[in-house]
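Here the structure is laid out as structure tokens; the discussion comes afterwards.
All residue numbers refer to positions in the sequence shown, counting from 1.
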Amino acid sequence: MKATGIVRRIDDLGRVVIPKEIRRTMRIREGDPLEIYTDREGEVIFKKYSPIGELSLFASQYAETLHRVGDLSIVICDRDAVIACAGVPRRDYAEKSISPELESIAESRSFYESAPGANPVPVTRENGSWIVSCAMPIISGGDLVGCVASVYDPSTTNRDRTAHEVETKLILTAAGFLGRQMEG
């Protein structure tokens, strides 16, 4: 654990303000859930909570199934990082931060499909070679919890590629299903 040198007091309602610099650095947004941990030495630790991360094993199996059945490369993300993938190099994408462009697609809460000639949307901040073909945010109980995307490698696939109807329907179905799984 790293000390920040920042000290905050708890107010009369038991609240403490997390400084803006830390929220920006850790990408904590208003309304984000935080999990609270304590230890025997009296430490209180706040950790970003990923509701869809609770389903990571299930999400991995779902991504594998979509990959096998639809011959698609799939990434399933929470609001910050890739939590499951299939058909892409796992070591390059699993648990990596998603790109600002993919984050923006998720926050739009609407379906995205790449268009010929449009700027490519990389999957991660590290700008790996894989590009988003189509994506659908995962909504659970009205809250944005993540995104499902089909992706492709432009070095081995036509660059001006648009999603096919089956690919689109599989991504829409996966996002809807994962969202409902988290509701109950």
Side-chain angles (χ1 to χ4, degrees), residues 23-32 48 50-53 55-140 143-179 181-182:
R23 291 193 319 264
R24 187 180 58 241
T25 303
M26 301 302 295
R27 301 181 63 207
I28 298 171
R29 303 169 206 82
E30 181 180 334
D32 278 357
K48 286 178 73 171
S50 171
I52 198 157
L55 296 176
S56 63
L57 177 61
F58 181 74
S60 293
Q61 293 170 342
Y62 203 104
E64 279 296 328
T65 301
L66 286 174
H67 175 61
R68 277 185 278 124
V69 170
D71 194 29
L72 300 170
S73 296
I74 301 293
V75 294
I76 299 175
C77 313
D78 63 13
R79 293 186 64 190
D80 297 308
V82 175
I83 62 156
C85 58
V88 299
R90 236 184 109 57
R91 70 185 178 286
D92 295 340
Y93 290 91
E95 299 178 22
K96 300 286 195 245
S97 294
I98 63 173
S99 69
E101 298 90 343
L102 185 53
E103 185 177 343
S104 178
I105 288 168
E107 289 174 359
S108 76
R109 294 175 173 248
S110 59
F111 180 74
Y112 165 85
E113 182 177 356
S114 64
N119 287 336
V121 174
V123 176
T124 63
R125 289 183 176 275
E126 287 81 24
N127 292 325
S129 61
W130 292 74
I131 304 299
V132 175
S133 174
C134 66
M136 182 64 191
I138 302 169
I139 309 294
S140 178
D143 294 329
L144 173 65
V145 294
C147 184
V148 178
S150 62
V151 299
Y152 67 99
D153 182 350
S155 67
T156 60
T157 308
N158 181 4
R159 188 171 198 87
D160 286 333
R161 177 181 187 281
T162 56
H164 298 110
E165 188 176 345
V166 171
E167 177 180 6
T168 298
K169 294 212 184 279
L170 285 171
I171 296 304
L172 288 167
T173 301
F177 183 76
L178 289 169
Q181 282 297 115
M182 295 179 59

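At distances below 3.5 Å, not a single donor-acceptor pair connects side-chain atoms of S133 with backbone N or O atoms of S150. Put simply, the side chain of D153 gets close to the backbone of S155: a donor and an acceptor are under 3.5 Å apart. Listed for the Y93 side chain is a donor-acceptor partner under 3.5 Å among the backbone atoms of W130.
Applying the side chain to side chain contact (heavy atoms under 4.5 Å, CB included) rule to R23 yields the partners V17, I18, K20, I28; only residues at least two apart in sequence or on another chain are considered. With sequence neighbours excluded, no residue satisfies side chain to side chain donor-acceptor pair (under 3.5 Å) with T65. Applying the side chain to side chain contact (heavy atoms under 4.5 Å, CB included) test to L144 and every residue at least two apart in sequence or in another chain returns R79, A106, E107, R109, P137, I139. Looking at residues two or more places apart in sequence or on another chain, you find a side chain to side chain contact (heavy atoms under 4.5 Å, CB included) between A86 and A63, E64, H67. Applying the ring-ring contact (aromatic ring centres under 6.0 Å, His included) test to Y62 and every residue at least two apart in sequence or in another chain returns F177. Remark: S60 pairs with A84 by the side chain to side chain contact (heavy atoms under 4.5 Å, CB included) rule, at least two apart or across chains.
Taking NE2 of H164 as the start and NZ of K169 as the end, the distance is 14.5 Å to the nearest 0.5 Å. Rounding to the nearest 0.5 Å places CG of D71 at 10.0 Å from CD of E167. One distance of note links OG of S114 with CD1 of I105; it measures 9.0 Å at 0.5 Å rounding. To the nearest 0.5 Å, atom OG1 of residue T173 and atom CE of residue M136 are 10.5 Å apart. We find the CD-CG distance between E165 and L170 to be 11.0 Å, quoted to the nearest 0.5 Å.
Closest of all the heavy-atom pairs between E103 and R125 is OE1-NH2, 3.7 Å. Here the closest non-hydrogen pair linking P122 and S99 is O-OG, 2.6 Å. When all heavy atoms of C77 and L102 are compared, the pair lying nearest together is SG-CD2, 4.0 Å. Closest of all the heavy-atom pairs between V82 and T124 is CG2-CG2, 4.3 Å. Shown here for I83 and A59, the closest heavy-atom pair between the two residues is CD1-CB, 4.1 Å. Across all non-hydrogen atoms, the minimal contact from I171 to V148 is CG2-O, 3.5 Å.
Between I138 and I76, the closest side-chain pair of non-hydrogen atoms falls below 4.5 Å.
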